[in-house]
Amino acid sequence: MRLSTFPLHTTKETPADAEVVSHQLMLRAGYIRKLGAGLYTWLPIGLRTLQKIEAIVREEMNRAGAMEVLMPSVHPAELWQESGRWQVMGDEMLRFKDRHGNEFAYGPTHEEVVCHYVRQDYRSYRQLPVNLYQIQTKFRDERRPRFGVMRSREFIMKDAYSFHMDAEDLAREYENMRAAYARIFDRLGVDYRIVKADSGNIGGSRSEEFHVLAGSGEDLLAVSDSGPYAANVEAAETLPHPAPRPAPAAALETVATPGQKTCEQVSRFLDVPLTGKVKLLVVKGADGGLVGVALRGDHQLNEIKAAKHAAIADPLQMATPEEVEQAFGCEVGYLGPVRCPIPVIADFAAAALTDFVCGANQNDHHLKGANWGRDCGEPAVADLRMICEGDPSPDGNGEIRFYRGIEGGHIFQLGSKYTTAMDVSVLDENGQSVTLQMGCYGIGITRLAAAVIEQSHDAAGIIWPDAIAPFKVVLCPIGLEKSETVRVAVETLYGELLEAGVQVLLDDRGARPGAMFADAELIGIPHRIVIGDKGLANQQFEYKHRRAEKAEMIAATTAAVLERLAAA
RNA sequence: CGGGGUGUAGCUCAGCUUGGUAGAGCGCUUGCUUCGGGAGCAAGAGGUCGUAGGUUCGAAUCCUGUCACCCCGACCA
């Protein structure tokens, strides 16, 4: 490609509304342009990278045995009403009517549509298993689109759906997809982690996310410092306390703590560590009553875990201050498990405490030397808290460290959630109708482009890995207009590289060297060849890798260039 | 959807408090010089100041509505 005829629009200044580097650089390098909130045009250079990511995904999906299809992005409302998600999806789903007044949605995901298709054409166990995927535009009306293409409303996703006779075969395909995803992320050249996830409102049982590690990531990950364990913090389990609880040593004592309502205040006032305090949160129970959740003073409630507890209402609802006062006869700041009027569930860590401090269920008073079993009943015990940095890893290997990540892929074993609702079944070998097991597997194509930049850039611009660079090498001729020697050399090299199948960009704009170098670095081309009279006098080109500190001289031949490109 | 903020030239912004008929830098056009890290000089083109209404002799500036966009906030590929 010749830059003189290629529409490249770079800018020196950073647009004001771009917050994260990937967004800034994609705008400055002319990869994308904004149309509206969460809506972006991909310009020719950006599209080249996008298509390379798609190609890698497609290759690995095909290699894994999945079949590409293309489903409509506009979905009839009836399908979503059938699965029950017409209500559940809420405002995130863009809805509209056609000329007949019939309701439609712009597809945010395609479980309903594939299920509808599969139940049309799949009748027999002999046709299974099957894994259907597509690479297609989705629309989710995010409450807050941001970070450019990283969290946009319209985006390109690879979504795959597999169907199976039984859970074992679903588990097999899940592993197959997991391996395919690992190959995709490896080929993209990113540092990533496969992380246990909560399956959210898509539902189902087992679920993992593929996270590209980046400081600007929106997700917090709990990763073992010396073992394989990695989980989204919201899904990370915590372990029961390893040692048996010591016997009570202190006597129960009521102390006045006027105005001291928060754990921090009480801890300072009584000069006891936060880790020696039990706090009691009050939530709605599954039976409509109230339930107390006891946590250690320094810990935080994990609302997802709490909502999943059998005794607690799902979704989680905190009790109002009025409800608490009615039940306890005191304000929220003085609650505790001793003489507690409602059932208590204690987190592992809270249940492990001896001689702890807690609220006295009486305004302006706390208890010291409180003990489970002696001063109140032994509580029901469960894993209810957010994991912390420094906690032992749940798999027993090492300690937990936190990282930030960008969710680039997500795989689920859905089980029969949708196939039951949508009645997707086939006949088995005994002629019996069997509801299918389903898995789904997503990759955010447009988001990955941004994620790679977040992880691979410097002050001058983007640094693409070869695999997804819009061009592999850029040719920068110095004094193109003046020097016939340079012109002939660069044209020869350009032609021969094209012939060799190398994706090469020739900067034939006649720009000054500084402008050429700045653009080449900004748009992130991994290899650069400079052709100038100085070098040619010694039969040399200058080669520089985008990451290299300094340039090096190589022989002024196409063979030498190809050799250098292959070595990198 | 709540809370905060911003709309002025293609881009980044000044001007608004204290109304008087529109500015800078970058970019763009033309010419000359320059040519290994975003060149210099000169001459140009380009804005009904988001939009609708109101106040006023007069509104980018004050008032009201409205739209869009950005930032902070709990389920997302």
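In what follows, chains are A, B, ... by sequence order, proteins preceding strands, each numbered from 1.
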Tell me what [X] touches on the nucleic acid: a base, only sugar-phosphate, or nothing, going by heavy atoms under 4.0 Å.
X       : value
R144(A) : base
R33(A)  : nothing
I478(A) : base
E19(A)  : sugar-phosphate
R528(A) : base
I304(A) : base
G532(A) : base
Q136(A) : nothing
E218(A) : nothing
D219(A) : base
K34(A)  : sugar-phosphate
D519(A) : base

If you check every side-chain atom of [X], which of [options] has the closest atom?
X       : options                : answer
E407(A) : C71(B), G38(B), C76(B) : C76(B)
R143(A) : A77(B), U12(B), G73(B) : G73(B)
S152(A) : G73(B), A77(B), C75(B) : A77(B)

Considering every strand shown, what is the Watson-Crick or G-U wobble mate of [N] when both distances are under 3.5 Å?
N      : answer
G73(B) : C1(B)
U17(B) : none
A22(B) : none
G31(B) : C41(B)

Review point. More 5' along RNA chain B: E303(A) or E542(A), using each one's nearest nucleotide?
Key: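 Nearest-nucleotide comparison on RNA chain B picks E542(A).
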Review point. For RNA chain B, whose closest nucleotide is more 5', that of G408(A) or that of A37(A)?
Key: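 On the 5' side of the pair lies A37(A).
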Exercise for review: Verify whether one side chain among Y543(A) and H527(A) offers a donor that lies under 3.5 Å from an acceptor in the other.
Suggested key: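 There is such a pair (donor and acceptor under 3.5 Å, judged by atom type) between the side chains of Y543(A) and H527(A).
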**Study point:** R528(A) charged N/C atom sitting above F517(A) aromatic ring, 6.0 Å / 45°
**Key:**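 Yes, a cation-pi geometry.
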**Study point:** Geometric cation-pi criterion, R140(A) with F155(A): 6.0 Å, 45°
**Key:**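 Judged by the rule (NZ or CZ under 6.0 Å from the ring centre, within 45° of its axis), R140(A) is not positioned above F155(A).
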Review point. Roughly how far apart are E59(A) CD and R183(A) CZ, rounded to 0.5 Å?
Key: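 One finds 11.0 Å between CD of E59(A) and CZ of R183(A).
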Please check: side-chain N/O of [X] versus main-chain N/O of [Y], any donor-acceptor pairing under 3.5 Å?
X       : Y       : answer
S456(A) : I463(A) : yes
N232(A) : A235(A) : no
S483(A) : L480(A) : no

Practice item. Please state the P separation for the pair U21(B) and C41(B) - nearest whole angstrom. Key: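 It comes out at 31 Å once rounded to the nearest Å.
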**Study point:** Rounded C1' spacing from G10(B) to G46(B) in Å
**Key:**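 9 Å, rounded to whole Å.
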Review point. Yes or no on side chain to side chain contact (heavy atoms under 4.5 Å, CB included) for I345(A) and V291(A), after CA distance, side-chain angles and deciding distance?
Key: CA-CA 7 Å; I345(A) 307 167; V291(A) 174; 3.7 Å; yes
Review point. Has R153(A) got a side-chain N or O lying under 4.0 Å from the OP1 or OP2 atom of C76(B)?
Key: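 For C76(B), neither OP1 nor OP2 has a side-chain N or O of R153(A) closer than 4.0 Å.
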Review point. Does R151(A) put a side-chain nitrogen or oxygen below 4.0 Å from OP1 or OP2 of A77(B)?
Key: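 R151(A) to A77(B) OP1/OP2: no side-chain N or O under 4.0 Å.
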Atom pairs under 3.5 Å: protein N/O with N/O of nucleotides 25-34 of chain B:
residue: G25(B); atom: N2; partner: E13(A); partner atom: OE1; Å: 3.1
residue: U34(B); atom: O2; partner: R512(A); partner atom: NH1; Å: 2.7

Check your understanding: Are the ring of F517(A) and the six-membered base ring of G36(B) within the stacking cut-offs of under 5.5 Å and under 30°?
Key ->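 It does not: the two rings, one from F517(A) and one from G36(B), miss the stacking criterion.
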Point to revise | Minimum heavy-atom distance L3(A)-D508(A), with the two atoms named | key: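 Answer, listing the atom of L3(A) first, then D508(A): N-OD1, 3.3 Å.
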